[in-house]
Amino acid sequence: MTDTAVAEAPGLGLQLPWQHSFAGLGPAFYTELEPAPLPAPHLVSCNARLAAELGLDPEWVASQEGVAAFTGNRLLPGSRPLASVYSGHQFGVWAGQLGDGRAILLGELPSAGGPQELQLKGSGLTPYSRMGDGRAVLRSSIREYLCSEAMHGLGIPTTRALCVAGSDQPVRREEIETAAVVTRVAPSFIRFGHFEHFFASGQQAELRKLADYVIDRFYPQCRTTPRFNGNAYAALLEQVSERTAALVAQWQAVGFCHGVMNTDNMSILGLTIDYGPFQFLDAFDPGHICNHSDDRGRYAYNRQPNVAYWNLFCLGQALLPLIDDQELALAALESYKAAFPRELEARMLAKLGLTGADAGDREVIEGILQLLAKDKVDYTIFWRRLARHVAGEPAETVRDMFLDRQGFDAWLRLYDARLPADRGGAGRAMLRANPQFVLRNWLAESAIRQAKLGDFSGVDELLALLQAPYDDHPGHEALGGFPPDWASQIEISCSS
């Protein structure tokens with residue numbers, strides 16, 4: 001069931017064909033309410049590329065009228081704002097009912113990639129805010145805006161961000177900050193926690209309705225597969241497991257730490273969602289913990305693959321009343337164990353410029369990861385320099401990154417023997433697999449410090465680089481270089 005509304009947005013010069021398929025699920029799934037106006041909002045940054053993909057005029061999005069629309073100060077005609085309810089496990093502990101505590105869904109707009117939901121994050125109190133104030137702060141909004149587009153530029157499945165707007169309204173966190181709203185975009189914001197909510201509350205009819213909605217809208221192949229004796233719900237669990245495996249493999253390969261992989265922060269579509277205390281690795285440390293709220297290290301970089309499986313197990317438990325066969329559910333979950341190592345190996349071989357299969361591939365991959373960890377080598381810069389070396393530059397720029405020169409030399413001989421005859425071609429392929437730019441914490445922090453002074457040029461500069469992270473961008477080399485000494489003092493937590 002889909003509700004559709006076509007309305008003219010003043011000043012836009014076109015009709016917005018809003019759809020409201022999630023709203024069609026019924027009031028058990030959400031509360032309808034209007035966003036809370038943001039006092040005297042101003043534009044921080046507009047993602048012109050995404051605006052164009054949604055059929056929106058970037059100039060209008062950046063205008064005073066557009067800012068009013070995307071802060072909740074003026075409802076877009078035909079939108080149907082609502083906050084959804086879900087539950088979840090947080091840091092491995094059942095947290096009960098959660099929900100969109102500061103996010104309001106406006107509806108869906110068409111795009112070349114299919115309908116996209118638009119959601120205002122930081123748009124005020126909802127029935128699911130619990131002890132929160134319903135607001136987001138400028139700091140975290142800039143981080144999410146930039147990182148969602150950075151991940152998209154890297155080719156990693158993610159929610160995206162259309163724009164971010166700020167205000168002088170004070171918001172208390174560890175200190176007094178200012179409020180902001182980021183407009184998030186995704187095919188769906190449904191999480192594992194949505195399914196957990198209806199399972200835990202014994203609402204089996206709603207659980208089935210949600211699963212049917214997700215299957216019919218995003219996984220229609222689950223209706224016709226011969227696998228699992230035609231059990232569409234088991235097929236759904238398998239599909240989500242495989243998408244999640246591919247996603248986490250991409251995280252690991254690029255050195256991305258999510259920081260808070262609660263089940264309510266896991267997308268049913270295998271998207272990176274809910275950018276809070278994330279980090280791209282600087283020095284390679286497999287046990288790195290990026291979230292200072294994570295005092296037990298549950299979400300350390302090297303634990304992400306196992307946590308993803310744990311979360312999928314929770315999803316499987318929630319779907320069990322529909323699958324109605326524990327063995328089928330377990331078989332569906334097994335797909336993760338096969339898919340993740342396969343996906344990760346493929347990503348690592350691409351980073352190394354290696355094609356085909358060879359018995360020595362694992363030794364090459366594990367050997368370099370051990371050397372990187374031993375000497376705490378900068379992860380992103382190492383891979384980019386290695387790509388340039390294979391493309392024809394001297395090996396010294398790579399070798400100089402290691403204290404254990406003999407160990408690196410031994411590994412390089414092993415690696416050289418595995419490289420294809422067309423080293424130039426392999427090097428060019430590696431430059432397309434190993435980015436020059438990622439959103440390091442210090443880059444985000446520098447842009448945030450400027451923004452707090454009213455200068456948003458750093459945000460726009462980073463956005464342009466991160467949307468094309470594999471390009472060299474002459475004149476911006478420093479932003480792809482080693483982090484400054486003060487970068488190690490940056491602390492990020494669940495506060496936002």
Side-chain angles (χ1 to χ4, degrees), residues 154-156 248-257 279-288 290 300-306 340-438 440 469-470 472 477 480-483 488:
L154 291 166
I156 298 175
V248 178
Q250 288 175 280
W251 288 358
Q252 300 301 109
V254 80
F256 176 76
C257 308
Q279 183 179 4
F280 287 88
L281 293 173
D282 291 329
F284 184 66
D285 176 6
H288 180 70
C290 73
Y301 167 75
N302 60 359
R303 293 185 177 179
Q304 292 184 143
N306 286 339
F340 175 75
R342 180 180 68 244
E343 292 283 349
L344 181 59
E345 182 172 305
R347 297 289 171 181
M348 298 308 296
L349 290 176
K351 292 176 77 66
L352 288 160
L354 303 181
T355 57
D358 187 274
D361 286 346
R362 183 161 297 181
E363 183 181 2
V364 173
I365 295 170
E366 292 180 354
I368 193 56
L369 292 177
Q370 289 170 4
L371 286 168
L372 290 171
K374 179 183 177 182
D375 287 348
K376 299 291 189 292
V377 174
D378 188 283
Y379 190 75
T380 301
I381 293 176
F382 163 76
W383 287 108
R384 189 70 176 184
R385 287 189 179 184
L386 183 68
R388 286 177 173 151
H389 161 59
V390 174
E393 293 186 6
E396 287 308 305
T397 58
V398 191
R399 189 173 185 265
D400 287 347
M401 299 182 73
F402 292 85
L403 295 174
D404 183 1
R405 304 292 178 85
Q406 289 185 336
F408 175 73
D409 290 344
W411 176 83
L412 190 59
R413 288 192 293 271
L414 183 71
Y415 173 54
D416 280 343
R418 196 45 199 98
L419 278 170
D422 181 13
R423 289 177 62 108
R428 290 189 293 274
M430 291 171 67
L431 289 170
R432 296 191 296 270
N434 295 294
Q436 172 71 15
F437 299 95
V438 295
R440 296 177 187 261
Y470 300 100
D472 283 331
E477 290 82 1
F482 291 99
S488 62

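Computed from a prediction, not measured in an experiment: that's the story for all the values here. Here, residue 1 is the first one in the sequence, and each next residue gets the next number.
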Problem - Neighbour count >12 (heavy atoms, 6.0 Å) for atom CZ, Arg362 - result: no
Handout entry: Neighbour count >12 (heavy atoms, 6.0 Å) for atom CD, Glu396
Key = yes
Test your reading of the model: is there a side-chain donor-acceptor pair from [X] to the backbone of [Y], 3.5 Å cut-off?
| X | Y | value |
| --- | --- | --- |
| Arg384 | Leu431 | yes |
| Tyr470 | Met430 | no |
| Gln304 | Phe256 | yes |
| Glu345 | Ile365 | no |

[atom2] on [Y] to [atom1] on [X], rounded to 0.5 Å:
| X | Y | atom1 | atom2 | result |
| --- | --- | --- | --- | --- |
| Leu354 | Arg418 | CG | CZ | 5.0 Å |
| Leu281 | Leu372 | CG | CG | 10.5 Å |
| Glu477 | Gln436 | CD | CD | 7.5 Å |
| Gln252 | Asn302 | CD | CG | 8.0 Å |
| Tyr301 | Phe284 | OH | CZ | 4.5 Å |
| Leu386 | Asn434 | CG | CG | 7.5 Å |

Can you name the nearest heavy-atom pair linking [X] to [Y], along with the distance?
| X | Y | answer |
| --- | --- | --- |
| His288 | Cys257 | CD2-SG, 4.2 Å |
| Pro420 | Gly353 | CD-O, 3.8 Å |
| Ala249 | Glu343 | CB-CB, 3.6 Å |
| Gln279 | Cys290 | OE1-CB, 3.3 Å |
| Ile381 | Gly481 | CD1-C, 3.5 Å |
| Phe340 | Pro305 | CZ-CG, 3.5 Å |

Any side-chain heavy atom of [X] sitting closer than 4.5 Å to one from [Y]?
| X | Y | value |
| --- | --- | --- |
| Arg423 | His389 | yes |
| Phe437 | Thr380 | no |
| Met348 | Ile368 | no |
| Val438 | Pro469 | no |
| Phe408 | Lys374 | no |
| Asp378 | Arg440 | yes |
| Asp404 | Leu371 | yes |

Any carboxylate oxygen within less than 4.0 angstrom of a Lys/Arg side-chain nitrogen, looking at [X] and [Y]?
| X | Y | result |
| --- | --- | --- |
| Asp282 | Lys376 | no |
| Arg388 | Asp472 | yes |
| Arg405 | Asp375 | no |
| Asp400 | Arg385 | no |

Problem - Parallel, tilted or perpendicular: rings of Phe382 and Phe402 (30°, 60°) - result: perpendicular
Exercise for the section: Specify whether Trp411 and Tyr415 have parallel, tilted or perpendicular ring planes, treating 30° as the upper limit for parallel and 60° as the lower limit for perpendicular. Expected result: parallel
